[in-house]
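Here the structure is laid out as structure tokens; the discussion comes afterwards.
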Protein chains: 2
Amino acid sequence: MDELLDRATAQTYASWFRALADPTRVQIVEYLARHARPMSVGEIVAAVGLAQSTVSQHLKILTEVRFVLVEPVGTARHYHINDACVDCFPSAADVVMGRPAPSPNGAC
Amino acid sequence: MDELLDRATAQTYASWFRALADPTRVQIVEYLARHARPMSVGEIVAAVGLAQSTVSQHLKILTEVRFVLVEPVGTARHYHINDACVDCFPSAADVVMGRPAPSPNGAC
DNA sequence: AGACTCAATCGCCTATCGGCGATAGACGAT
DNA sequence: ATCGTCTATCGCCGATAGGCGATTGAGTCT
């Protein structure tokens, strides 16, 4: 009775949800979305009140699933929400229906 | 510049997503959903191939957010998907819009 | 009562996570 | 070239998560 969702798909789903499984990352995402313009790490650090290295790490996790996009601007790097990924972010219904998970590294 | 999503809301969102942030739990949820009938722990253990204690722990996490419901039947316990929670499970758009998070312990 | 079954809990171990400070690398300005 | 600024990475730490076996508790059936 091995009729399980294949592990790779399950892993992909899990990595999507893991990106938002931390309250600080949820706050960062909402913050980036509300101020619609691209924002530097320094601004985000000031907003969330954590160490720069910590924020940088969270941003790395968010960019790894393309949920947030980066754009180098001089010495700074501007982060902004990937609206396409907001749309393709999996829902619980997707999981329940066993739909193939949207690739976290593709064009979404 | 403290205009952040309040921590409690962020935490609630995070706990929702953390429930599906593990591939085994994704598989369990999809398995429960596909076989629409309530299933015992033993059946789920046989399906996922992990120790009974491990599966029990995963089911506890899933029931804590009411994503999965339990019903004692004799000495067994039958688990099944909470369709209401499938519907109210937060989307990325909810986070981005800063909508109040659905309470994970309420009636959904 | 006693034996059996099913599932939750406990204790332990390892791996990962989230936080930090310190360091390193890239770039603009002087 | 040098300095200052910005951000990524590294190393460390405590806490949490996921895995397991063993035990306990609750329920059924003789």
Side-chain angles (χ1 to χ4, degrees), chain A residues 1 4 7 10-29 31-32 37-80, chain B residues 1 4-5 7 10-29 31-32 37-80 104:
Chain A
M1 193 183 291
L4 273 185
R7 191 72 179 179
Q11 201 105 37
T12 302
Y13 273 124
S15 64
W16 274 110
F17 292 123
R18 201 181 65 83
L20 291 184
D22 178 87
T24 298
R25 285 197 290 275
V26 169
Q27 288 182 307
I28 291 177
V29 164
Y31 188 76
L32 285 177
R37 65 189 167 83
M39 306 191 65
S40 71
V41 176
E43 290 180 281
I44 304 171
V45 167
V48 305
L50 292 178
Q52 177 263 322
S53 57
T54 303
V55 171
S56 190
Q57 182 59 25
H58 281 307
L59 288 170
K60 182 181 181 183
I61 293 174
L62 289 172
T63 52
E64 273 172 358
V65 291
R66 303 275 193 202
F67 198 89
V68 158
L69 298 179
V70 206
E71 183 185 1
V73 174
T75 169
R77 304 187 73 192
H78 284 183
Y79 287 88
H80 62 98
Chain B
M1 192 184 289
L4 273 184
L5 188 62
R7 191 71 179 178
Q11 201 107 37
T12 302
Y13 274 124
S15 64
W16 274 110
F17 292 123
R18 197 172 36 237
L20 292 183
D22 179 89
T24 299
R25 285 197 290 274
V26 169
Q27 288 181 307
I28 290 176
V29 163
Y31 188 77
L32 285 178
R37 65 188 166 83
M39 305 191 64
S40 71
V41 175
E43 288 180 283
I44 304 171
V45 167
V48 304
L50 293 178
Q52 177 262 321
S53 56
T54 303
V55 171
S56 191
Q57 181 60 24
H58 282 306
L59 288 170
K60 182 182 181 181
I61 293 175
L62 289 172
T63 53
E64 271 171 359
V65 292
R66 304 276 192 199
F67 198 87
V68 158
L69 299 179
V70 207
E71 184 185 0
V73 173
T75 168
R77 304 187 74 190
H78 284 183
Y79 288 86
H80 62 98

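So you know, we letter chains A, B, ... as the sequences are listed, proteins then strands, and number each from 1.
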Tell me which nucleotide among [options] gets nearest to the side chain of [X].
X: R77(A); options: dT9(C), dA7(C), dT7(D); value: dT7(D)
X: T24(B); options: dT9(C), dG19(D), dC20(C); value: dG19(D)
X: S56(B); options: dG21(C), dA8(C), dT9(D); value: dA8(C)
X: R7(B); options: dG19(C), dG18(C), dA8(D); value: dG19(C)
X: S53(B); options: dG18(C), dT9(C), dG18(D); value: dT9(C)
X: S40(A); options: dT7(D), dG19(D), dC6(C); value: dT7(D)

Please report the distance, rounded to the nearest Å, between [atom1] in [X] and [atom2] in [N].
X: E43(A); N: dC6(D); atom1: CD; atom2: C1'; answer: 12 Å
X: L50(B); N: dA7(C); atom1: CG; atom2: P; answer: 16 Å
X: I28(A); N: dG18(C); atom1: CD1; atom2: P; answer: 11 Å
X: R25(B); N: dG18(D); atom1: CZ; atom2: P; answer: 4 Å
X: L62(A); N: dG18(C); atom1: CG; atom2: C1'; answer: 14 Å
X: L59(A); N: dT9(D); atom1: CG; atom2: P; answer: 11 Å
X: H78(A); N: dT5(D); atom1: NE2; atom2: P; answer: 17 Å
X: R18(A); N: dC17(C); atom1: CZ; atom2: C1'; answer: 8 Å

Along DNA chain D (nearest heavy atom to each residue), the more 5'-positioned of T54(A) and T75(A): T75(A)
Just N and O in the side chain of Y79(B): are any of them under 4.0 Å from OP1 or OP2 of dC6(C)? no
Would you say H58(B) places a side-chain N or O within less than 4.0 Å of OP1 or OP2 belonging to dA17(D)? no
Would H78(B) and S40(B) count as a side chain to side chain contact (heavy atoms under 4.5 Å, CB included) here? Give the steps. CA-CA 5 Å; H78(B) 284 183; S40(B) 71; 4.3 Å; yes
Which sits closer to the 5' end of DNA chain C, V70(B) or A21(A), going by the nucleotide each is nearest to? V70(B)
Nearest heavy-atom contact between A21(A) and A21(B) is CB-CB, 4.2 Å
Which pair of heavy atoms, one from E43(A) and one from M39(A), lies closest together, and at what distance? OE1-CA, 3.5 Å
One pair to check against side chain to side chain contact (heavy atoms under 4.5 Å, CB included): V55(A) and K60(A). What are the steps and the verdict? CA-CA 9 Å; V55(A) 171; K60(A) 182 181 181 183; over 6 Å; no
Quick one: does Q52(B) reach the base of dA8(C) with a side-chain donor-acceptor pair under 3.5 Å? yes
Return the orientation label for the F67(A) and W16(A) ring planes: parallel under 30°, perpendicular over 60°, tilted otherwise. perpendicular
